[in-house]
There are 2 protein chains.
Amino acid sequence: MAVTIKDVARVANVAPSTVSRVIADSPRISEKTKKRVRQVMVELGYHPNLIARSLANQSTQTIGIVFPNSGDLAFQNPFFSEVLRGISEGLREKHYVLQMTTGKSDEEIFDDVVKMVQGKRVDGIILLYSKVSDPVTDFLLENDFPFVVIGKPDERAEQITHVDNDNVTAALDGTNHLLHLGHKRIGFIGGNKQLMVTLNRLEGYKKALIDANIPILDDYIIHEEFLLEGGQEAVKELMTLQSPPTALLVADDLMSLGVLRTIHGMGLNVPKDLSIVSFNNALFAQLASPPLTSIDIHILELGIEAVKHLIARIENRKEPVKRIIIPYEIIVRSSCGPYVEKSIES
Amino acid sequence: MAVTIKDVARVANVAPSTVSRVIADSPRISEKTKKRVRQVMVELGYHPNLIARSLANQSTQTIGIVFPNSGDLAFQNPFFSEVLRGISEGLREKHYVLQMTTGKSDEEIFDDVVKMVQGKRVDGIILLYSKVSDPVTDFLLENDFPFVVIGKPDERAEQITHVDNDNVTAALDGTNHLLHLGHKRIGFIGGNKQLMVTLNRLEGYKKALIDANIPILDDYIIHEEFLLEGGQEAVKELMTLQSPPTALLVADDLMSLGVLRTIHGMGLNVPKDLSIVSFNNALFAQLASPPLTSIDIHILELGIEAVKHLIARIENRKEPVKRIIIPYEIIVRSSCGPYVEKSIES
DNA sequence: GTGAAAGCGCTAACAG
DNA sequence: CTGTTAGCGCTTTCAC
């Protein structure tokens, strides 16, 4: 059995509570006994049992991270590594630790969250996604449990602290970038329709077209998974249309890579035959050939800010609800070209 | 305050201990009272407090994951996402949860581990790296704490359960692949020299050359970080040599991408001017242009197996130490070509 | 088959 | 400034 507070107390000739106070560096303990107790602590090799402390304290200094149900596949997308990096950074400073859900299906994830929360294993939760009518969000809200979502909540956004980009405007800007180049036949490839990012980016895309008096074609709008394969599928559909688009707004770099692959496979050229504006500016956006024009949403910041406000909320339960908007910037590379009239090929 | 075991006991007209037994599904409780108690549990919305259980049990059903000190940068390398995916999968089945270190420097990481272990927050630990004279490993060993390392431990490997690839032979095979193509001037680009993977792959590389009676040139061996930039730096050095290599064994795909970039920037062609055998077979190994011949080390399996044996060890403290070797396979793509005599260019 | 009681290791009133 | 005493919520002997 490990050395406990009692052992220290006995050896140092004080009460356990005194030792506890020394650990907390309470000002009500004389420097003299503090010194002595600390001495004994190192002598005995004492380390506090954090589980016991958590039980007494009703606080764990741990926060839970919830992944979307893309489950294992999510990890393929660098968005998650990057946001995790930001979160990790934020937590380190505050001396909190991190626990992750491992569930794959929606049900498993929900159970994971319930277990974390009811099991009192975490002090707060960060949702790495936002989707329509999410039971997890409802559960957290009903239990008045501290949480923040990365993304824009579907409902009751005014009751939920969230950190997000202005995805509508970002998509609008991205689309405008293409419009300014003369493109009129612009397609949209988005992710899962349940995800708010997808919906917001779609909205911005539509807005831009409407503003430009260009009709919105349902055929030009495709939804797939935020994965390489998703991009491949989507662009196949688009390019076999009677009148295929000459430019694309793609809601994720990984999808864009898929698009590039397929396009090249068809013997077509980017940006000559097809211009692409992508999202997220992952490492491989610049590595792709051609390097992708991509909207950098500052993923790292999303993570850092999420932690910051979650911990604020944990440490002060009446911290007001906040909405944090992280700026984006469009990184222009070589995947977009001016619109050029094409001769009709058989 | 949440509903506790006592509340359930009171309402169900039994003792708290009985409720506890019902939770554990003890055979010594009659089906009848089990039913009644369970009934009350759902009525009151009871959920066990896992922290309290942990304290009583001396077990947390949590395992800790330790990253190498590349700290935040590590996340850029898909190796970690992938191994995390495997770990996550393994844990889910066993109903364990996962906690990660957030430390950046060696010291911070060491402290994280000490806190996890002494704080009794985790039942076991997985090290996602192996390096020479690692204090973390020593600490774990001295405390006889259950842990497994992914990679080959530097010292006392016979006392440490570890899951690894046969990196020596893998590198040997990779090098032979190049030798068979007629290459004689083969360079090696590896990661941090403290890491065992680097050392093992270097060893295999050397072995292959020795077997082929080709002298080993120090100038042909470069060590950088396992990152894109690392590959760039390394190949710059190599290609400015008097007599640059015609083929490369590169210990990581991300580095290989860096190599490709630089090579292309120099107006050279892969595989015509330089053949590359890479490691890890990450998603972008196949996406690169040209697609990379890469040694797939089955990262997912590494994670799954690590969990499996760690949990076995946790649940049975005298489970023997094991060494698990995960097979590798060389995936041939288009980054290697036959050696061709070159005219001397100025 | 079930209950009473002690204990896991720490914190936090309440005394003094 | 320090000690005494209850808990935190659960598990687990030991009785009956």
Side-chain angles (χ1 to χ4, degrees), chain A residues 1-41 44-62 114-123 315, chain B residues 1-41 44-62 115-123:
Chain A
M1 204 77 310
V3 24
T4 78
I5 222 172
K6 279 187 189 165
D7 302 321
V8 177
R10 191 163 18 77
V11 176
N13 259 312
V14 293
S17 51
T18 302
V19 178
S20 177
R21 288 186 188 107
V22 172
I23 294 170
D25 200 18
S26 156
R28 318 190 320 179
I29 301 286
S30 73
E31 275 309 321
K32 211 174 134 193
T33 58
K34 271 190 190 172
K35 205 168 210 165
R36 183 156 44 92
V37 170
R38 291 210 180 98
Q39 170 81 20
V40 174
M41 296 201 305
L44 301 188
Y46 169 78
H47 285 270
N49 181 321
L50 299 176
I51 296 291
R53 175 182 288 176
S54 288
L55 183 59
N57 266 345
Q58 309 282 48
S59 111
T60 59
Q61 302 280 108
T62 302
V114 172
K115 238 173 138 180
M116 278 181 173
V117 172
Q118 311 274 35
K120 304 269 184 295
R121 278 224 250 227
V122 298
D123 295 342
E315 295 182 344
Chain B
M1 204 80 308
V3 24
T4 79
I5 222 172
K6 279 187 187 165
D7 302 320
V8 176
R10 190 162 18 75
V11 175
N13 258 312
V14 293
S17 49
T18 302
V19 178
S20 177
R21 289 190 186 102
V22 172
I23 295 171
D25 200 17
S26 157
R28 317 190 320 178
I29 300 287
S30 73
E31 274 311 320
K32 210 173 135 195
T33 57
K34 270 189 190 173
K35 204 169 212 161
R36 184 155 44 89
V37 171
R38 292 211 178 98
Q39 170 80 21
V40 174
M41 296 202 305
L44 301 189
Y46 169 77
H47 285 271
N49 181 320
L50 300 175
I51 295 291
R53 177 181 287 177
S54 288
L55 183 59
N57 268 343
Q58 308 283 47
S59 110
T60 58
Q61 304 279 109
T62 302
K115 238 173 137 180
M116 278 180 172
V117 172
Q118 311 276 34
K120 303 269 184 296
R121 280 226 249 225
V122 299
D123 295 342

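Lettering follows sequence order; numbering is per chain, from 1.
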**Message:** Mind checking if B:V14 touches a base, just sugar-phosphate, or nothing, with heavy atoms under 4.0 Å?
**Reply:** sugar-phosphate
**Fill in**
When rounded to the nearest 0.5 Å, the distance separating OG1 of B:T60 from CG of B:D123 is 3.5 Å
**Asked** Counting just side-chain N and O atoms, does B:S17 come under 4.0 Å of either OP1 or OP2 of C:dA5?
**Response** no
**Request:** Quickly work out the B:K120 NZ to C:dC8 P distance and round it to whole Å.
**Result:** 13 Å
**Request:** Would you check if B:I29 and B:T18 make a side-chain contact, meaning some heavy-atom pair closer than 4.5 Å?
**Result:** yes
**Request:** Measure from CD on B:Q58 to C1' on C:dG7 and round the result to the nearest Å.
**Result:** 10 Å
**Request:** Please state how far atom NZ in B:K32 lies from atom C1' in C:dT2, giving the value in whole angstrom units.
**Result:** 13 Å
**Message:** On the nucleotide C:dG9, are OP1 or OP2 found under 4.0 Å from the side-chain N or O atoms that A:T4 carries?
**Reply:** no
**Message:** It should be established whether B:R28 places a side-chain nitrogen or oxygen under 4.0 Å from OP1 or OP2 of nucleotide C:dG1.
**Reply:** no
**Prompt:** Rounding to a whole Å, what distance do you find between B:I5:CD1 and D:dG9:P?
**Reply:** 11 Å
**Item:** Result of checking B:K34, B:K35, B:R36 against B:V22 for side chain to side chain contact (heavy atoms under 4.5 Å, CB included)
**Value:** B:K34
**Verdict with reasoning, B:L50 to A:K120, per side chain to side chain contact (heavy atoms under 4.5 Å, CB included)** = CA-CA 6 Å; B:L50 300 175; A:K120 304 269 184 295; over 6 Å; no
**Complete:** Judged by nearest nucleotide, the residue sitting upstream toward the 5' end of DNA chain C, A:V19 or B:K34, is B:K34
**Asked** At under 4.0 Å between heavy atoms, what does B:S30 touch on the DNA or RNA strands: base, sugar-phosphate, or nothing?
**Response** sugar-phosphate
**Asked** Base, sugar-phosphate alone, or nothing: which one does A:S54 contact when heavy atoms must sit under 4.0 Å apart?
**Response** nothing
**Request:** Using atom CG of B:L50 as one end and atom P of C:dC8 as the other, report the distance to the nearest whole Å.
**Result:** 21 Å
**Request:** Let me know the distance between CD1 of B:I51 and P of C:dC8, rounded to the nearest Å.
**Result:** 18 Å
**Asked** If each of A:L55 and B:T18 is mapped to the nucleotide of DNA chain D with the nearest heavy atom, which maps nearer the 5' terminus, i.e. the 5' end?
**Response** A:L55
**Item:** Point-to-point distance, once rounded to the nearest 0.5 Å, from CD1 of B:I23 to CE of B:M41
**Value:** 6.0 Å
**Request:** Starting from P on C:dA15, measure out to CZ on A:R21 and report it in whole angstrom.
**Result:** 14 Å
**Request:** Find the distance B:R53:CZ to C:dC8:P and express it as a whole number of Å.
**Result:** 19 Å
**Item:** Closest-nucleotide ordering on DNA chain C, the 5'-leading residue of B:R36 and A:N49
**Value:** B:R36
**Prompt:** If you look at every strand shown and take non-hydrogen atoms under 4.0 Å, does B:N13 touch a base, only sugar-phosphate, or nothing?
**Reply:** sugar-phosphate
